[in-house]
Amino acid sequence: CTNAVNGVITISGESSYSCPGGIVGWSVSNMNIFGCTNNADITFKGTSANDLRMGGILGNCANDSKVTKSTIGSVTAGNQNTGKISNKGGASKNAYIGGILGCSGSKSTDVINCHNTGDIINNSTAGMTTSLCLGGITGYSGTAACAYEDCTSKSDIKIEDSCAHKVKYAGTIHGNANTTINAQHNGLGGSVLGVALTAENFLSKYYGNKKTYNIDQDGTKQSSYFLQ
């Protein structure tokens, strides 16, 4: 499936939870999202009493899911897509923003062969009272193990506001992970909070915060994550 909108999807208004996604907003049962492309920029201009969970493919994953061979803002079949994901909204407890997946919640999620080059930008009008989590692939991973395999992110991840966020996390693969991360052969690029990834620093930029990190089969971080 393809979201072929060559423009901006704008979400406004007030809600308890806001979960915009380029393909799916909120998955409430086991779901496989396969071979999807999002061509649209997504901009949030509303307010959420609790959480903003926003992703280029899937906003919020409420149950075990797989997101496979999806692209946002990348080159697909010779077409150049930009897919910028922006938060310009008001106050919220948490904002979880990812190029592919906003928030994986408390259920396991496999993100396989997914690619993002769309920029991730927070320019909110008020600070997050609990946390702001920005990731090139996933904003926030909850309490169940997550796997990233053969994914790439070349986005620029930015915080452009001057608001007082209680906690800020940003990483080229994921922003914050309160869980075990299993990783194999993921490509890193772009920049994180104004710092371009280089051969010297890219291994320190793949996550904003993590709990447990499992390296892949040959036992080296270099094979789990590589500079593009």
For [X], which residues count as a side chain to side chain contact (heavy atoms under 4.5 Å, CB included) partner, sequence neighbours excluded?
X      : value
Glu160 : Ile121, Asn123, Lys158
Ser92  : Ser48, Met128
Thr129 : Lys93

So do the side chains of [X] and [Y] get within less than 4.5 Å of each other, counting heavy atoms only?
X      : Y      : answer
Ile159 : Lys168 : yes
Ile11  : Ser18  : no
Glu149 : Asp110 : no

For the pair [X] (side chain) and [Y] (backbone), establish whether a donor and an acceptor sit closer than 3.5 Å, ignoring hydrogens and angles.
X      : Y      : value
Ser124 : Lys88  : no
Asn38  : Ile57  : no
Thr172 : Lys205 : no

Q | Sequence neighbours excluded, every pair satisfying salt bridge (Lys or Arg N to Asp or Glu O under 4.0 Å) that has a member inside residues 42-53 | A | Asp51-Arg53

(Q) Running the 4.5 Å side-chain criterion over Ile, Leu, Val, Met, Phe, Trp and Tyr, what cluster does Val195 land in, apart from itself? (A) none

Q. Which residues, ordered by chain and number, are linked to Val167 in its hydrophobic cluster, where ILVMFWY side chains connect at heavy-atom gaps below 4.5 Å, directly or through other members?
A. Tyr169

Expected list for residues 130-141: side-chain donor-acceptor pairs under 3.5 angstrom, two or more places apart:
from: Ser131; atom 1: OG; to: Asn94; atom 2: OD1; distance (Å): 2.7
from: Thr138; atom 1: OG1; to: Tyr148; atom 2: OH; distance (Å): 3.1
from: Ser141; atom 1: OG; to: Tyr148; atom 2: OH; distance (Å): 3.4

Residues that [X] engages under side-chain hydrogen bond (donor to acceptor under 3.5 Å, both in side chains), provided they are two or more places apart:
X      : value
Asn201 : Thr198
Ser191 : Asp156
Ser86  : none

